[in-house]
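Both counts, for ligands and for their atoms, begin at 1 and track the order of listing.
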Amino acid sequence: MNLLGPFEALTAEPFETSWRSPSNIAFVKYWGKKGHQLPANPSLSMTLKNCFTETRLSFSVGTSHPGVELFLNGLRQEKFAAKIEAYLRSLESLSWLAKVHVRIDTHNTFPHGTGIASSASGLSAFALGLTDYLFHLSGVKVDFFRTASYLSRLASGSASRSVYGGFVSWGDESDFYASSIPVHPELAHLRDSVLVVSGDEKTVSSTAGHGRMSEHPYASARFAQARTNYHRTRAALTAGDLSEVGAVLESEALSLHAMMLTAPSAFTLLKPKTLAAIDMIWAFRRETQLPLYFTLDAGPNLHLIYPESSQHKIRTFISHELAPLAESVIDDECGEGPVKC
Ligand code: DP6
């Protein structure tokens with residue numbers, strides 16, 4: 001499927017646009033690819049509210065140096081600029097973009113290395129700005145967010161889910177773009193406090209981690225499990241069944257890290273403090289029956305998921321018992337998705 005057909009023969013003009021796009025946390029994990037940036041199994045995520053990237057794009061033409069200039073917090077970043085340039089070149093059907101110069105001014109509301117995906121927020125913010133440019137030049141009026149999700153996916157799979165608010169799935173309706181999914185009103189305002197146990201640079205990137213699934217002895221069992229977990233989570237989100245959502249959430253996090261531990265070229269991103277916090281969360285839940293659950297991304301930091309209704313007691317536990325294990329705690333919640341700003 002190619003959603004870029006209407007944009008293949010455009011004439012470049014100057015244009016400026018600015019987008020704020022949030023990160024997301026996967027409840028059912030995308031871990032393993034097929035073809036070019038297509039997921040081996042469906043995934044499902046909650047879009048965050050406070051953790052976002054704000055990106056201004058200035059497109060110009062006729063400059064002697066077409067290409068990409070990128071400033072993160074006002075500082076020029078050659079490495080990220082080269083990545084975006086390679087991404088734009090990979091959009092072969094939009095070859096006219098080679099004549100365009102893009103200046104990118106970007107900043108995140110959250111620090112790097114905290115287990116909050118800056119690639120999801122950063123690359124979706126860029127893709128939204130690029131989509132805005134394509135829609136402006138072509139006059140196309142429909143499927144803006146679907147196109148933005150398609151372009152985000154080509155930059156980073158999880159970014160495809162950041163272009164919508166609430167809960168989002170990718171790899172069910174389509175492998176090529178994500179879509180928003182319904183949620184019971186009681187689960188529409190879930191909290192996510194991120195327990196940052198280590199801000200160290202990851203030893204294996206997510207992209208490299210996906211690659212380790214291609215020769216993995218448990219790959220097909222994992223993809224089948226993810227499909228089952230996807231359908232369980234969707235049903236539980238619709239029914240408002242938080243204990244079922246939480247059970248699958250934790251199983252997904254542990255399976256993701258089990259895949260790393262059992263890969264032919266094994267690695268782990270877990271730290272002793274991650275496991276200590278998991279033990280404490282399980283004990284807290286046993287003792288209090290309060291609905292506090294965890295998940296993990298490809299890193300050691302825990303996302304603590306709980307409802308607004310138990311927020312007070314759970315935040316007291318987090319700040320008294322779990323925070324001493326961590327470098328910091330970042331409080332976030334389910335958000336409404338990107339905005340043009
Ligand atoms: C563990 O989206 O970062 O966060 O497509 O190679 O850029 P690329 O990978 P990426 O992988 C995310 C993996 C994950 C799970 C998830 O967000 O679904």
Side-chain angles (χ1 to χ4, degrees), residues 21-48 51 53 80 83-84 86-87 90 108 110 112-127 149-164 167-172 175-179 181 192 194 201-214 216 219 222-223 225-227 229-230 233-234 248-261 263 267-270 274 294-303 305:
S21 190
S23 188
N24 68 74
I25 175 67
F27 279 36
V28 178
K29 310 292 179 182
Y30 149 57
W31 197 247
K33 305 187 191 193
K34 58 187 186 197
H36 179 52
Q37 281 297 102
L38 297 171
N41 61 260
S43 60
L44 191 159
S45 58
M46 180 174 89
T47 296
L48 299 181
C51 295
T53 301
F80 291 149
K83 279 194 174 168
I84 296 282
Y87 162 73
S90 76
N108 298 325
F110 54 97
H112 184 68
T114 49
I116 300 165
S118 57
S119 60
S121 57
L123 291 165
S124 60
F126 176 78
S149 178
Y150 179 97
L151 282 167
S152 300
R153 168 187 61 88
L154 291 170
S156 177
S158 53
S160 69
R161 299 185 308 242
S162 271
V163 308
Y164 305 100
F167 284 82
V168 182
S169 83
W170 170 43
D172 179 12
D175 284 347
F176 292 86
Y177 53 81
S179 336
I181 56 171
D192 176 5
V194 186
E201 194 70 35
K202 282 194 265 184
T203 46
V204 177
S205 71
S206 290
T207 305
H210 286 288
R212 307 258 174 119
M213 287 305 285
S214 59
H216 201 296
R222 163 59 198 155
F223 300 145
Q225 179 203 37
R227 269 190 288 280
N229 283 345
Y230 170 81
T233 304
R234 267 204 79 156
V248 183
L249 184 73
E250 293 189 352
S251 153
E252 276 291 301
L254 297 171
S255 285
L256 169 71
H257 285 266
M259 287 302 108
M260 300 178 200
L261 287 161
F267 65 108
T268 187
L269 302 175
L270 298 173
T274 315
F294 70 84
T295 188
L296 293 153
D297 250 348
N301 302 319
L302 287 140
H303 287 249
I305 305 293

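- Taking a 6.0 Å sphere around CZ of Phe80, one finds it holds 12 or fewer heavy atoms contributed by other residues, nucleotides or ligands.
- When atom types are taken as modelled, the side chain of Ser23 and the backbone of Cys51 share no donor-acceptor pair closer than 3.5 angstrom.
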Could you go step by step and tell me if Thr53 and Asn108 meet the side-chain hydrogen bond (donor to acceptor under 3.5 Å, both in side chains) rule? CA-CA 4 Å; Thr53 301; Asn108 298 325; 2.7 Å; yes
In sequence, state the C-alpha distance, the side-chain angles, and the governing distance for Leu269 and Thr203, and then conclude on side-chain contact (heavy atoms from CB on, under 4.5 Å). CA-CA 7 Å; Leu269 302 175; Thr203 46; 3.6 Å; yes
Acceptor/donor pairs from residues 27-42 side chains to any protein atom, 3.5 angstrom cut, sequence neighbours excluded:
unit_1 : atom_1 : unit_2 : atom_2 : d
Lys29  : NZ     : Ala26  : O      : 2.7
Lys29  : NZ     : Thr295 : OG1    : 3.0
Lys29  : NZ     : Leu296 : O      : 2.8
Lys33  : NZ     : Gln37  : OE1    : 2.4
Lys34  : NZ     : Asp175 : OD2    : 2.9
Gln37  : NE2    : Arg153 : O      : 2.8
Asn41  : ND2    : Lys29  : O      : 3.0

Pairwise, report which nitrogen or oxygen atoms of ligand 1 are under 3.5 angstrom from protein nitrogen or oxygen atoms, and how far apart they are.
unit_1   : atom_1 : unit_2 : atom_2 : d
ligand 1 : 2 (O)  : Ser156 : OG     : 3.2
ligand 1 : 2 (O)  : Ser158 : N      : 2.8
ligand 1 : 2 (O)  : Ser158 : OG     : 2.7
ligand 1 : 4 (O)  : Asp297 : OD1    : 3.1
ligand 1 : 5 (O)  : Tyr30  : OH     : 2.7
ligand 1 : 5 (O)  : Lys33  : NZ     : 3.4
ligand 1 : 5 (O)  : Gln37  : NE2    : 3.3
ligand 1 : 5 (O)  : Gly157 : N      : 2.7
ligand 1 : 6 (O)  : Lys33  : NZ     : 2.7
ligand 1 : 6 (O)  : Thr207 : OG1    : 2.8
ligand 1 : 7 (O)  : Ser156 : OG     : 2.7
ligand 1 : 9 (O)  : His210 : NE2    : 3.1
ligand 1 : 11 (O) : His210 : NE2    : 2.9
ligand 1 : 17 (O) : Arg161 : NH2    : 2.8
ligand 1 : 18 (O) : Tyr30  : N      : 3.0
ligand 1 : 18 (O) : Arg161 : NH1    : 2.9
ligand 1 : 18 (O) : Arg161 : NH2    : 3.2

Determine, step by step, whether Thr47 and Arg161 satisfy the side-chain hydrogen bond (donor to acceptor under 3.5 Å, both in side chains) criterion, reporting the C-alpha distance in whole Å, the side-chain angles of both residues, the deciding distance to 0.1 Å, and the verdict. CA-CA 8 Å; Thr47 296; Arg161 299 185 308 242; over 6 Å; no
